[in-house]
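Quick note: residue numbers are just sequence positions, from 1. Bear in mind the structure is a predicted one, so any value in this text is a computation, not a measurement.
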Amino acid sequence: QVQLVESGGGSVQAGGSLRLSCAASGDTDSGVCVAWFRQSHGQERELVARINQDASIAYYADSAKGRFAISRDNAKNSVSLQMSSLKPEDTGMYYCAAHRQLSGGACYAVSPYYTFWGQGTQVTVSS
């Protein structure tokens, strides 16, 4: 089992920045992919960014490219999402999620394959 705890959400004005953190504990030695998902009111949960175990592969949703950066510190069992130039449409609950890494360092792109989830942290961007 892997336990995930998010932190760093809050309320900011458009154009501002926030840094989300995800602390992992439990059985992380076998390698996990970690992703950030966002769920806005009335919307389906969508993948924002994901990163594989050795950080060699990072993926961003089109809405996040150029503004968000995902990183991880395996020594500290943590993954961060630096969000800049925030827009009101970035508002939502952000969830950290993980699954056992696939062969070749690949990660899943959709939420049903993510086995472990945090409780979420709210991000609100006002215009």
Side-chain angles (χ1 to χ4, degrees):
Q1 290 290 325
V2 176
Q3 293 78 42
L4 303 171
V5 178
E6 304 96 334
S7 61
S11 297
V12 296
Q13 298 251 327
S17 299
L18 281 174
R19 185 178 181 88
L20 306 184
S21 294
C22 175
S25 60
D27 183 14
T28 60
D29 290 344
S30 57
V32 291
C33 289
V34 180
W36 287 94
F37 287 84
R38 175 176 63 220
Q39 187 162 26
S40 305
H41 182 67
Q43 304 293 318
E44 291 188 1
R45 198 170 291 186
E46 61 175 338
L47 178 70
V48 175
R50 68 173 188 262
I51 191 166
N52 65 347
Q53 174 67 25
D54 65 2
S56 61
I57 302 174
Y59 166 87
Y60 297 91
D62 287 343
S63 61
K65 287 178 182 176
R67 300 187 299 125
F68 294 5
I70 190 170
S71 61
R72 68 188 295 163
D73 183 341
N74 289 332
K76 296 181 179 179
N77 284 334
S78 68
V79 174
S80 298
L81 183 68
Q82 178 67 46
M83 306 187 294
S84 303
S85 302
L86 283 162
K87 305 175 182 179
E89 50 263 43
D90 294 320
T91 293
M93 186 70 79
Y94 283 71
Y95 297 91
C96 177
H99 69 80
R100 299 295 178 196
Q101 184 167 282
L102 306 174
S103 60
C107 300
Y108 287 119
V110 292
S111 59
Y113 294 100
Y114 282 78
T115 312
F116 311 108
W117 290 84
Q119 294 300 306
T121 185
Q122 177 69 34
V123 171
T124 302
V125 184
S126 59
S127 56

Can you give each donor-acceptor pair under 3.5 Å made by side-chain atoms of residues 52-64, sequence neighbours left out, with the distance rounded to 0.1 Å?
unit_1	atom_1	unit_2	atom_2	d
N52	OD1	A55	N	3.2
N52	OD1	S56	N	3.0
N52	OD1	I57	N	2.9
N52	ND2	D54	OD1	3.4
N52	ND2	S56	OG	3.0
N52	ND2	G105	O	3.1
Q53	OE1	V32	N	2.7
Q53	OE1	R72	NH2	3.3
D54	OD1	S56	N	2.9
D54	OD1	S56	OG	2.6
Y60	OH	I70	N	2.8
D62	OD1	K65	NZ	3.1

(request) Could you tell me which residues satisfy side-chain contact (heavy atoms from CB on, under 4.5 Å) with A14, sequence neighbours excluded, listed by chain and number? (result) P88, V125
(request) For the pair S85 (side chain) and G15 (backbone), establish whether a donor and an acceptor sit closer than 3.5 Å, ignoring hydrogens and angles. (result) no
(request) Give a yes or no on whether the backbone of G9 and the side-chain of T121 come within a donor-acceptor separation of less than 3.5 Å. (result) yes
Minimum heavy-atom distance [X]-[Y], with the two atoms named:
X: V34; Y: C96; value: CG1-SG, 3.7 Å
X: Y114; Y: V110; value: CD1-O, 3.3 Å
X: S21; Y: W36; value: O-CH2, 3.6 Å
X: L81; Y: A49; value: CD1-CB, 4.1 Å
X: S71; Y: R19; value: OG-NH2, 4.0 Å

(request) Kindly work out whether a path of hydrophobic side-chain contacts (I/L/V/M/F/W/Y, heavy atoms less than 4.5 Å apart) joins I51 to L47. (result) no
Nearest 0.5 Å please: distance from the [atom1] atom of [X] over to the [atom2] atom of [Y].
X: S40; Y: E46; atom1: OG; atom2: CD; value: 6.0 Å
X: Q43; Y: E89; atom1: CD; atom2: CD; value: 12.0 Å
X: S80; Y: K76; atom1: OG; atom2: NZ; value: 9.5 Å
X: L86; Y: S11; atom1: CG; atom2: OG; value: 11.0 Å

In the structure I gave you, are the side-chain heavy atoms of [X] and [Y] within less than 4.5 Å of one another anywhere?
X: F68; Y: L20; answer: no
X: L4; Y: Q119; answer: no
X: T91; Y: Q122; answer: yes
X: R67; Y: K87; answer: yes
X: F116; Y: Q3; answer: no
X: M83; Y: V123; answer: yes

(message) If you take the centroid of each ring, where Trp contributes its six-membered ring, are W117 and F37 closer together than 6.0 Å?
(response) yes
(message) Show every side chain to side chain donor-acceptor pair (under 3.5 Å) that has at least one partner inside residues 95-105, sequence neighbours left out.
(response) D27-R100, S30-R100
